[in-house]
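One structure below.
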Amino acid sequence: MTAAARIREAFDQAGVTGRLHALDIDSGAEIGSGGDQAVVTASVHKLCVLVALHEQAAAGRLDLTEQLEVPLEGRELGPTGMAAMLDPVRMSLRDAAYLMMAVSDNTAAELLLGRIGLDAVNATTARLGLAHTHAVHTFRELLATIKEDAGPGGAQALADPYVIARLRALDPARTNRSTPRDMTRLLSAVWRDEACTPEHGAAIRRLLGLQVWPHRMASGFPFDDVHVAGKTGSLPTLRNEVGVIEYPDGGRYAVAVFTRAASTAATLPPADAVIGTTARIAVEALRAG
């Protein structure tokens with residue numbers, strides 16, 4: 001069975017529709033399963049925000065040590081980062097970027113977008129040739145569409161497949177979007193210092209390496225000498241992750257996995273785990289040459 005067939009089988013067994021693209025950053029070898037299909041990025045788009053932020057800093061348009069004042073009022077919903085804090089916060093742009101990437105802090109992402117704007121994010125992805133990647137909403141706007149589309153039933157309505165079917169946030173034609181191939185191209189540009197100057201590329205790589213979630217892509221590489229750096233994204237029925245797997249022999253592999261589950265359950269371990277499983281199948285196939 002080919003690696004692509006094994007990947008498709010793994011997605012089927014996990015009860016998800018999956019799209020994957022994997023790229024050897026140095027040789028250009030690749031493997032995919034639906035790698036050019038449009039997908040909803042969810043919080044994966046925070047990687048694009050991060051690259052745009054560092055591009056602005058490299059051009060001298062902002063100072064990453066610039067301080068932000070974050071009162072309690074107006075913070076975005078979310079179980080992590082500043083949304084969970086009880087007091088006013090003061091921090092730098094670069095520390096807000098850390099929270100955005102490490103724990104997917106929506107408040108931090110919104111603050112950074114308020115500083116650089118969606119147009120700058122889209123200009124960055126266009127400059128890098130990511131023709132299928134586009135930000136339509138800020139994260140506040142994205143969450144607002146879910147609340148509006150869910151209707152009076154609120155969060156509990158998101159267990160209803162009929163409600164899920166009408167969410168604009170799950171339609172790549174109407175929300176923030178990309179393709180798996182675009183995301184591996186972006187990761188490759190970051191790792192090859194083509195997205196930003198080497199100084200800023202190193203800062204981006206550092207933040208991707210500080211993500212705290214081990215249950216998706218990293219679960220496929222439980223080895224002390226293999227490093228996984230990535231960014232997850234989640235919305236109702238959607239579980240995504242893009243990242244780079246680095247081996248001690250110097251091998252570097254960019255992988256993007258986007259899934260949508262048939263089940264509306266908020267907790268679905270097989271759907272999380274299949275991201276690591278399929279990433280490892282892809283990387284092992286690339287390493288086997």
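These values consider heavy atoms only, across backbone and side chains, with no hydrogens, waters or symmetry-generated copies. This is a predicted model, so every value here is computed, not measured. Quick note: residue numbers are just sequence positions, from 1.
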Residue set satisfying side-chain hydrogen bond (donor to acceptor under 3.5 Å, both in side chains) with Asp160, at least two apart, ordered chain then number -> none
Non-hydrogen atoms of Ala120 and Gln56 that approach each other most closely: CB-NE2, 4.0 Å
With Arg252 via salt bridge (charged side-chain N to carboxylate O under 4.0 Å, His left out) - residues at least two apart: Asp26
For Phe223, does the CZ atom have more than 12 heavy-atom neighbours from other residues, nucleotides or ligands under 6.0 Å away? yes
Which residue pairs satisfy the salt bridge (Lys or Arg N to Asp or Glu O under 4.0 Å) criterion with at least one member in residues 46-65, sequence neighbours excluded? Glu55-Arg127
Under the side-chain hydrogen bond (donor to acceptor under 3.5 Å, both in side chains) test, residues paired with His132 that sit two or more places apart: none
Would you please say whether a donor-acceptor pair under 3.5 Å links the side chains of Glu246 and Trp191? yes
Could you pull out all residues at least two apart from Arg8 that satisfy side-chain hydrogen bond (donor to acceptor under 3.5 Å, both in side chains)? none
Where at least one partner belongs to residues 263-277, residue pairs that pass side-chain hydrogen bond (donor to acceptor under 3.5 Å, both in side chains), sequence neighbours excluded: Arg216-Asp272
Would you mind listing every salt bridge (Lys or Arg N to Asp or Glu O under 4.0 Å) that reaches into residues 101-126, with sequence neighbours excluded? Glu66-Arg115
Are Val244 and Leu208 close enough that some pair of their side-chain heavy atoms sits under 4.5 Å apart? no
How long is the gap from CG on Leu112 to OG1 on Thr107, to the nearest 0.5 Å? 11.0 Å
Do Asp149 and Arg166 sit within salt-bridge range, that is, some charged N less than 4.0 Å from a carboxylate O? no
Taking side-chain contact (heavy atoms from CB on, under 4.5 Å) as the definition, give me every residue that meets it alongside Pro248, ordered by chain and number, with sequence neighbours left out. Asp225, Val226
For Glu284, all residues meeting salt bridge (charged side-chain N to carboxylate O under 4.0 Å, His left out), sequence neighbours excluded: Arg280
Does a side-chain heavy-atom distance below 4.5 Å link Thr184 with Glu30? no
Residues at least two apart in sequence or cross-chain that pass side-chain hydrogen bond (donor to acceptor under 3.5 Å, both in side chains) with Arg192, listed by chain then number, are Glu194
Return the set of residues passing salt bridge (charged side-chain N to carboxylate O under 4.0 Å, His left out) with Arg94 (not counting sequence neighbours), or none when no residue passes. none
Listed by chain and number, what are the ring pair (Phe, Tyr, Trp, His ring centres under 6.0 Å) partners of His137, not counting sequence neighbours? none
Shortest non-hydrogen separation from Val190 to Gly201 and the atoms involved: CG1-O, 4.3 Å
